[in-house]
Amino acid sequence: MNTGKTLAPYIHAMGRGPSRSRSLTQAEAEDAMRQILDGTAAPEAVGALLMLMRFRGEIAEEVAGFTAAARTHLDAWADVPAALDWPTYAAGRSRGLPWFLLSALLVARAGYPVLLHGWNSHQNPVADVREAVSALAIPITGRPDCAITALERGRIAYVPLEAMSPEILSILRLRDVLGLRSAMNTVCRMLNPARAACMVQGVFHPSYRALQQDAGALLGQQNLAVLKGGGGEFERHPAKAVELYGLREGDSFYHIAPARVDAHRRLANQSDDRSHLLDVWSGERTDAWAEHVAIGTAAAALSALRPGENLVDLEDEAAALWHARTPCLAA
């Protein structure tokens with residue numbers, strides 16, 4: 001491990017050429033990210049490191065090392081009593097309404113404290129997660145003590161990344177400078193600031209499902225569910241079979257969940273208006289498709305929390321939670 005507080009040895013290791021370069025070990029990646037978050041790494045070196053990793057393709061050890069350093073950086077959040085970590089970092093103008101937020105509310109109503117956290121770029125205004133969180137009366141907090149209070153009162157809270165860690169956000173936003181995503185897009189999904197025993201994660205590119213599964217195992221995560229979801233969120237398409245990757249009691253698993261309905265509709269309906277999400281939740285409007293998204297996604301999350309139970313039974317439970325909901329939103 002480098003002790004001279006410079007990223008040069010790591011850049012050298014990854015950039016020596018086709019026959020001599022290598023990926024970083026988990027310990028090297030952790031040290032590199034610690035330097036970056038401490039502000040001791042030269043900005044040019046940070047960009048070089050991230051782009052070399054992008055060019056080579058990040059591996060599980062690098063993601064786990066980066067994440068371990070980021071979690072140490074977020075130690076103040078470790079006592080927040082979350083049962084489920086739910087990251088939301090999707091980017092892209094193709095996303096529609098964030099129906100997965102209704103699923104998170106159902107999981108909270110099942111008795112599991114849910115900590116949402118995230119930052120979203122290049123969003124269609126209809127897909128604005130922050131606006132939807134506010135409309136649904138999900139508490140938004142930037143402090144661990146306030147998150148603890150919110151979870152004790154309503155079992156759900158949302159933490160903006162810029163409040164949780166401006167340093168991590170600044171690394172993530174290097175995409176604006178470099179023109180490409182970096183490993184930080186994966187790391188943010190792995191953050192789990194409250195060290196919850198269970199995590200759910202959505203990805204946009206299918207190859208990242210196994211990568212995040214493997215990184216979770218290296219980090220000692222017990223329960224994890226990863227799926228290719230709408231725009232990269234943990235959101236299940238009800239008319240398609242979904243491949244679930246993850247961990248159950250620390251062991252890797254893979255499961256194909258069948259489609260819930262026979263229909264042809266895009267998960268993101270660009271004709272929806274922003275009020276549609278709130279109106280469906282409150283019962284002002286009926287949208288069977290949206291109900292299937294919310295119920296199916298909630299069941300997938302519950303299956304991560306209760307890995308020994310059948311997904312079909314959990315879909316029935318999620319449906320019962322849906323039909324028992326009240327218009328009082330997050331209360």
Side-chain angles (χ1 to χ4, degrees), residues 1-75 87 89-92 119 121-122 161 165-192 201 203-221 224 226 228 232 245-247 252:
M1 180 181 293
N2 172 41
T3 58
K5 290 299 177 184
T6 172
L7 298 180
Y10 305 144
I11 295 169
H12 183 261
M14 289 195 294
R16 294 181 71 191
S19 62
R20 303 179 68 187
S21 64
R22 64 173 178 83
S23 298
L24 300 183
T25 67
Q26 185 172 338
E28 288 172 336
E30 183 173 354
D31 182 60
M33 181 52 61
R34 188 178 296 113
Q35 290 184 47
I36 294 169
L37 290 171
D38 287 347
T40 58
E44 300 88 348
V46 175
L49 183 80
L50 293 176
M51 289 301 94
L52 277 169
M53 194 175 293
R54 161 81 182 191
F55 180 74
R56 294 181 56 84
E58 65 258 39
I59 63 171
E61 287 80 4
E62 292 169 337
V63 172
F66 273 16
T67 303
R71 287 183 180 178
T72 299
H73 173 73
L74 297 171
D75 266 346
Y89 291 89
W119 185 81
S121 65
H122 308 90
L161 179 61
S165 174
E167 297 83 1
I168 293 176
L169 177 60
S170 69
I171 304 168
L172 185 66
R173 294 201 68 180
L174 284 175
R175 176 177 182 169
D176 299 337
V177 177
L178 301 171
L180 294 169
R181 76 180 295 283
S182 72
M184 289 308 296
N185 292 77
T186 304
V187 171
C188 285
R189 288 170 166 82
M190 300 292 303
L191 282 175
N192 192 4
Q201 297 173 17
V203 302
F204 185 80
H205 299 290
S207 61
Y208 283 89
R209 294 172 300 190
L211 174 67
Q212 291 171 216
Q213 177 189 56
D214 293 343
L218 289 172
L219 290 164
Q221 185 66 39
L224 166 68
V226 187
K228 182 184 182 300
Y245 289 70
L247 301 165
S252 298

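Bear in mind the structure is a predicted one, so any value in this text is a computation, not a measurement. All heavy atoms count here, side chains included; hydrogens, waters and symmetry mates do not.
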Shortest non-hydrogen contact from [X] to [Y]?
X: S165; Y: L74; answer: CB-CD2, 3.8 Å
X: L24; Y: E62; answer: N-OE2, 2.8 Å
X: A48; Y: I11; answer: CB-CD1, 4.0 Å
X: F66; Y: A29; answer: CD1-O, 3.2 Å
X: E58; Y: A183; answer: OE2-CA, 3.6 Å
X: L219; Y: A64; answer: CD2-O, 3.5 Å

Between [atom1] on residue [X] and [atom2] on residue [Y], distance to nearest 0.5 Å:
X: C188; Y: L172; atom1: SG; atom2: CG; result: 4.5 Å
X: L224; Y: S252; atom1: CG; atom2: OG; result: 9.0 Å
X: S170; Y: D176; atom1: OG; atom2: CG; result: 11.5 Å
X: R16; Y: H12; atom1: CZ; atom2: NE2; result: 4.5 Å
X: N192; Y: T67; atom1: CG; atom2: OG1; result: 10.0 Å

Using the ring of Y89 (Phe, Tyr or Trp, six-membered ring only), decide whether R175 places NZ or CZ under 6.0 Å from its centre and within 45 degrees of its axis.
-> no

Would you tell me whether [X] and [Y] have side-chain atoms, one donor and one acceptor, within less than 3.5 Å of each other?
X: T40; Y: R34; answer: no
X: S21; Y: R56; answer: yes
X: D31; Y: Y10; answer: yes

For a 4.5 angstrom cut-off between non-hydrogen side-chain atoms, does [X] reach [Y]?
X: L37; Y: T72; result: no
X: N185; Y: R189; result: yes
X: V63; Y: L218; result: no
X: E167; Y: D38; result: no

Side-chain ion pair, R22 and E28, N-O less than 4.0 Å | yes

If only atom types and distance count, is the side chain of [X] paired as donor or acceptor with the main-chain N or O of [Y] below 3.5 Å?
X: Q35; Y: T6; answer: yes
X: R209; Y: P206; answer: yes
X: Q201; Y: V226; answer: no
X: R71; Y: M190; answer: yes

Residue from L174, I168, I36, L169 passing side-chain contact (heavy atoms from CB on, under 4.5 Å) with M184 | I168

Verify side chain to side chain contact (heavy atoms under 4.5 Å, CB included) between M33 and V187, making sure each step is shown before the conclusion.
-> CA-CA 11 Å; M33 181 52 61; V187 171; 5.8 Å; no

